[in-house]
Participant: 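Please find one structure pasted underneath; my questions will follow.
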There are 2 protein chains.
Amino acid sequence: MSRPNPLSPVGRETLQDRVYAELRRSLMNGMFDAGQMLRIQDLAEILQTSTMPVREALGRLVSEQALEALPNRSVRVPVITLEKLDDLARARCLIEGELVRLALRHLTAPDFSELRALTERCDAAFAEHGKDVAHATSELNHSFHFHIYRAARSAVLIPIVESLWLQSGPYIRVAAQVHDAEIDISATHHHWGLIAALERRDTVAAVRALTDDITRSFNLIRRRLDAPETTNTRTAKYG
Amino acid sequence: MSRPNPLSPVGRETLQDRVYAELRRSLMNGMFDAGQMLRIQDLAEILQTSTMPVREALGRLVSEQALEALPNRSVRVPVITLEKLDDLARARCLIEGELVRLALRHLTAPDFSELRALTERCDAAFAEHGKDVAHATSELNHSFHFHIYRAARSAVLIPIVESLWLQSGPYIRVAAQVHDAEIDISATHHHWGLIAALERRDTVAAVRALTDDITRSFNLIRRRLDAPETTNTRTAKYG
DNA sequence: ATAGGTGATGTTTGATCAAACTTTACAAGC
DNA sequence: GCTTGTAAAGTTTGATCAAACATCACCTAT
């Protein structure tokens, strides 16, 4: 076995894993309304499986605080309150700030290239202004942040941040969708500032840029919560 | 409904919840060895249920990082490494420190009485030096810390800390069991210091006392990991 | 004697079903 | 008209079973 092996390990994901990934993706993309009930059988029918993988995936998402288990034994998408929103924002600033601090000493030149490329693609997506900007930029935004976080090499903090994104992600997405380019222009501003601060190893400035970025996106939701009558009322049950 | 209702809501926990609670308790008390495999059918037999509640409870614990899912599709108690231990300690100091900061402005006189009572009972347990000191003090320690954390009123951070305790708890317990009174004497020292700092609203001193407390307990495990040949070899599969 | 294959054993995953529980709708009584 | 009780529909929970998968022991061939 001296020469490099051309075969990569074949993924052996279980059916439950696929259901979990699909539900998670839909949640992140804001496909479900806040407060919406999720029925096992409905989801199983849509996903074309039996109820078993669905109920285990739902249980997993409840454990991660991504879904809410009511005393009635039904599961729903949590409804966000202003207090919980502030709570989430504070937690994200605290933990993701620490991750940036930890990542700083591990980031090297190729990382910065990658981060710049991601941010450029984000800018391009905004400029293009296609129909599905929010979806594209949201994935790019996720890649950008977690590329930094992975550099921190903290097996403990990463799952926590994933859970926090899962809790706040849906609302941020929906909020970002309805806002126009007015704010989008400044969307990548903090990303560029963060990259610059990281490159000159300026911890304080880097954490500052990150927390500003997080705060900015949460302010989008806060506006939506203050004006709830403009809530997008979806007729279809499952997006 | 003007007068206070004497009836408290009757608990309607599902079978899965009870299995989960029991497994969680056993884990926290160090009943399982690190690296030990957990077989669904074995557990179901011991707990006198079918396999269904057990497998869902296991999935939940895996989601919370309390157990580890191997690629072989078997579940085991994670083996702790020195890196992960430091990672955990850092995460706990970061998040529990923030919780202390948040709790400070909410804590009142009755809280301090309660905290003092818990610490006194802890001291008494150490002085008594009965056979099962570790078990008793571990529960008192948990109550002490989470009484403070609950005062922070952060619905987001509390589940995170519970997960962190679940990840580090088992090893701390086992490490504490084998150490003699030498260290136990100083066990509640930081608790008293923390109470004093909280009462005079000294944020910096309070966080310092807490992080010292956490660091101290993790140093117990570190010693064990440095001298692995003294590992307590358990013959029985399930304690 | 050892490497590799073959079968047996044991475990988890997914499907199906029955029972417990919730909710809804509707009718009877005040 | 409003409440209360009851039946019916719908949903989740728990048990059982079959199939996929992993592991182990043993046996053969080199």
Side-chain angles (χ1 to χ4, degrees), chain A residues 1-2 5 7-24 27 32-33 35-64 66-79 236-238, chain B residues 1 7 9-24 27 32-33 35-79 236-238:
Chain A
M1 280 302 198
S2 58
N5 194 332
L7 264 49
S8 44
V10 52
R12 301 203 321 87
E13 63 184 356
T14 175
L15 192 48
Q16 182 203 137
D17 291 337
R18 240 181 307 217
V19 171
Y20 169 80
E22 185 63 18
L23 289 178
R24 183 194 170 96
L27 258 175
F32 301 119
D33 286 334
Q36 176 179 345
M37 296 290 186
L38 296 184
R39 278 172 284 279
I40 295 179
Q41 296 186 352
D42 290 355
L43 294 173
E45 202 170 324
I46 294 171
L47 297 170
Q48 310 239 44
T49 72
S50 91
T51 61
M52 187 69 59
V54 174
R55 74 201 252 193
E56 299 195 326
L58 284 185
R60 227 163 122 186
L61 289 166
V62 168
S63 262
E64 296 168 6
L67 294 177
E68 188 179 10
L70 299 173
N72 322 339
R73 302 183 167 175
S74 51
V75 170
R76 73 168 182 186
V77 182
V79 284
K237 291 178 70 177
Y238 299 95
Chain B
M1 283 301 194
L7 264 48
V10 53
R12 298 200 327 84
E13 61 183 358
T14 176
L15 193 49
Q16 181 203 137
D17 291 336
R18 238 178 310 213
V19 171
Y20 169 80
E22 185 63 18
L23 288 178
R24 182 193 171 95
L27 258 175
F32 300 120
D33 286 335
Q36 177 180 345
M37 297 288 186
L38 296 185
R39 277 171 286 279
I40 296 180
Q41 296 186 352
D42 289 355
L43 295 173
E45 203 171 323
I46 295 171
L47 297 168
Q48 309 241 39
T49 71
S50 90
T51 61
M52 188 67 59
V54 174
R55 72 200 252 192
E56 299 195 326
L58 284 185
R60 229 164 120 184
L61 288 166
V62 168
S63 261
E64 295 168 6
Q65 315 285 327
L67 294 177
E68 186 180 10
L70 300 173
N72 323 336
R73 298 182 171 176
S74 52
V75 170
R76 71 168 183 188
V77 182
V79 284
K237 290 179 69 176
Y238 301 97

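Numbers restart at 1 for each chain; the letters A, B, ... are given by sequence-line order, proteins then strands. Model, not experiment: these values are computed from the prediction.
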Participant: Identify, between A:Ser74 and A:Pro53, the residue whose nearest nucleotide on DNA chain C lies closer to the 5' end.
Facilitator: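 Whichever sits nearer the 5' end wins; that is A:Pro53.
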Participant: Can you tell me which residue pairs pass the side chain to side chain donor-acceptor pair (under 3.5 Å) test with a partner in residues 43-52 of chain B, sequence neighbours excluded?
Facilitator: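 Those involving residues 43-52 of chain B do not exist here.
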Participant: Under 3.5 Å between N/O atoms: give me all the protein pairs with nucleotides 17-20 of chain D, atom names plus distance.
Facilitator:
none

Participant: Atom CZ of B:Arg76 to atom P of D:dA22: distance rounded to whole Å?
Facilitator: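 Going from CZ in B:Arg76 over to P in D:dA22 covers 17 Å.
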Participant: Assuming nearest nucleotide by heavy-atom distance, tell me which of A:Met52 and A:Asn72 is located more 5' along DNA chain D.
Facilitator: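 The residue closer to the strand's 5' end, by nearest nucleotide, is A:Asn72.
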Participant: For A:Leu38 and D:dT12, what is the distance between atoms CG and P respectively, to the nearest whole Å?
Facilitator: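 A:Leu38 atom CG is separated from D:dT12 atom P by 10 Å.
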Participant: Using atom CG of A:Leu43 as one end and atom C1' of D:dT11 as the other, report the distance to the nearest whole Å.
Facilitator: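 About 13 Å, once rounded to whole Å.
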Participant: Taking the minimum atom-to-atom distance to the side chain of A:Leu15, which one of C:dA15, D:dA15, C:dT22 wins?
Facilitator: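 Nearest listed nucleotide: C:dA15.
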Participant: Could you tell me which residues satisfy side chain to side chain donor-acceptor pair (under 3.5 Å) with A:Gln41, sequence neighbours excluded, listed by chain and number?
Facilitator: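 For A:Gln41 there are no side chain to side chain donor-acceptor pair (under 3.5 Å) partners, ignoring immediate neighbours.
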Participant: By the definition side chain to side chain contact (heavy atoms under 4.5 Å, CB included), identify the one residue from B:Thr14, B:Leu47, B:Leu43 that meets it with B:Val19.
Facilitator: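 One option only clears the test, and that one is B:Leu47.
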Participant: Could you state the atom-to-atom distance from CG of B:Leu70 to C1' of C:dT13 in whole Å?
Facilitator: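 Rounded to the whole Å, the gap is 16 Å.
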Participant: Roughly how many Å is it from CD1 in A:Ile40 to P in C:dC21, rounded to a whole number?
Facilitator: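 Rounded to the whole Å, the gap is 17 Å.
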Participant: Among the candidates C:dT16, D:dG14, C:dT13, find the nucleotide nearest to the side-chain atoms of A:Ser50.
Facilitator: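 Shortest atom-to-atom distance from the side chain points to C:dT16.
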Participant: To the nearest Å, give me how far apart CD (A:Glu13) and P (D:dC21) are.
Facilitator: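 It works out to 13 Å between those atoms.
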Participant: Hey, which sits more toward the 5' end of DNA chain C by its nearest nucleotide, A:Pro71 or A:Gln16?
Facilitator: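 Result: A:Gln16.
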Participant: Got a list of protein N/O to nucleotides 6-10 of chain C N/O distances below 3.5 Å?
Facilitator:
none

Participant: Give every donor-acceptor pair under 3.5 Å between a side-chain atom in residues 66-73 of chain A and any protein atom, sequence neighbours left out.
Facilitator:
residue: A:Glu68; atom: OE1; partner: A:Arg76; partner atom: NE; Å: 3.1
residue: A:Glu68; atom: OE1; partner: A:Arg76; partner atom: NH2; Å: 3.4
residue: A:Arg73; atom: NH2; partner: B:Arg12; partner atom: O; Å: 3.2

Participant: What heavy-atom pair brings B:Phe32 and B:Val77 nearest, and what distance separates the two atoms?
Facilitator: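 Smallest heavy-atom distance, with atoms named: CB-CG2, 3.7 Å.
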Participant: Return the value, rounded to whole Å, for the distance between atom CD of A:Glu56 and atom P of D:dG14.
Facilitator: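 The answer, rounded to whole Å, is 13 Å.
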Participant: Compile the donor-acceptor pairs under 3.5 Å between side chains in residues 56-65 of chain B and protein atoms, sequence neighbours left out, one pair per line.
Facilitator:
residue: B:Glu56; atom: OE1; partner: B:Gln16; partner atom: NE2; Å: 2.9
residue: B:Glu56; atom: OE2; partner: A:Arg55; partner atom: NE; Å: 3.1
residue: B:Arg60; atom: NH1; partner: B:Gln16; partner atom: OE1; Å: 3.3
residue: B:Arg60; atom: NH1; partner: B:Asp17; partner atom: OD1; Å: 3.2
residue: B:Glu64; atom: OE1; partner: B:Tyr20; partner atom: OH; Å: 2.9
residue: B:Glu64; atom: OE2; partner: B:Tyr20; partner atom: OH; Å: 3.1

Participant: In whole Å, what is the span from the CD atom of B:Glu45 to the C1' atom of D:dA15?
Facilitator: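 So the CD-C1' distance, B:Glu45 to D:dA15, works out to 16 Å.
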